[in-house]
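Here the structure is laid out as structure tokens; the discussion comes afterwards.
In listed order, ligands and their atoms are each counted from 1.
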Amino acid sequence: MRKAGKVVVEIKERTREAVRPGITTLELDKIAREVIEKRGAKSNFLNYHGFPATICTSPNSMIVHGIPGSYRLEEGDVISIDCGAIVEGYHGDSAYTMGVGEISKQAQHLIEVTEQSLVAAIGVMVEGNRLHEIGRVVQKIVEAEGMSVVREYVGHGIGTAMHESPSVPNYWPGNSGPKLQIGNVLAVEPMVNLGGPETLTLEDGWSVVTKDGSLSAHFEHTIAILENGPEVLTQ
Ligand code: MG
Ligand code: MG
């Protein structure tokens, strides 16, 4: 899973370098495809339930699962890019959000809070802690800033499949859940909206947007729980 994580890191770095006003999301997808080919990896996104691309590109009010295409990034956009790869049968999954050129202070704050919530969540991923401590920590940080946590989409276990049990909500689900154990690997992925938490799926059947049109950000890491603490496999 460390090997898969390294390929995912390379996809993130290469796409991050390419993000600028004028580039299309399909061009970003091509960069991801090239990295996967060059490293002899496989895509876990391509053809996943029919998903037609190698990464997900979700600008502005789009939360997750955007399909790369003819959309051209514009100065001031907020773009979330979700990347994955399979190496020797094991999966990596990671996402980041960044501004395109100059962005508003509010947008920058949204990005920072979302990333901070993931960092804080990783901090509680220690053997013996309860699974839903992750969501409790994310929700607390996000709501303290007047933002909201998406409920309909959650993190997940990951290993020889991209999505394994358990589900990893980014909010307190009302119970503490099982204890975290050495060897557990989880993809933790807070999705945070400036407005309300409600979502809509567009007619393409994939793109998930905020119902109120507010901006949204998404960060994700694949994290292993080890004896020395959490190891982030995708940074
Ligand atoms: Mg992902
Ligand atoms: Mg994921």
task = Tell me, with the steps shown, if Val149 and Arg151 meet side-chain contact (heavy atoms from CB on, under 4.5 Å).
result = CA-CA 6 Å; Val149 170; Arg151 303 297 200 275; 3.7 Å; yes
Do Ile225 and Asn129 pass the side-chain contact (heavy atoms from CB on, under 4.5 Å) test, and can you show the C-alpha distance, the side-chain angles, and the key distance before you say yes or no? CA-CA 11 Å; Ile225 293 161; Asn129 276 356; over 6 Å; no
The atom name of the N, O or S atom in Asp93 nearest to the Mg ion (ligand 1) is OD1
Looking at Glu220, pick out the N, O or S atom nearest to the Mg ion (ligand 1) and give its name.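 Nearest to the Mg ion (ligand 1) within Glu220's N, O and S set: OE1.
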(message) Could you tell me if His163 and Tyr48 have a donor-acceptor pair between their side chains, going purely by distance under 3.5 Å?
(response) yes
- Applying salt bridge (charged side-chain N to carboxylate O under 4.0 Å, His left out), run through Glu34 and Lys30 and close with a yes or a no. CA-CA 6 Å; Glu34 285 167 359; Lys30 185 164 173 271; 3.3 Å; yes
Of all N, O or S atoms in Glu189, the one closest to the Mg ion (ligand 2) is OE2
Exercise for the section: Examine all N, O or S atoms of Asp82, backbone included, and report whether one is under 2.8 Å from the Mg ion (ligand 1). Expected result: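 Checking the Mg ion (ligand 1) against Asp82, an N, O or S atom does fall under 2.8 Å.
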| query | Checking only N/O/S atoms, does His156 have one that is under 2.8 Å from the Mg ion (ligand 2)? | reply |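 Yes, within the cut-off.
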### Task
Check for a donor-acceptor pair, side chain of Thr222 on one end and backbone N or O of Gly92 on the other, with a separation under 3.5 Å.
no
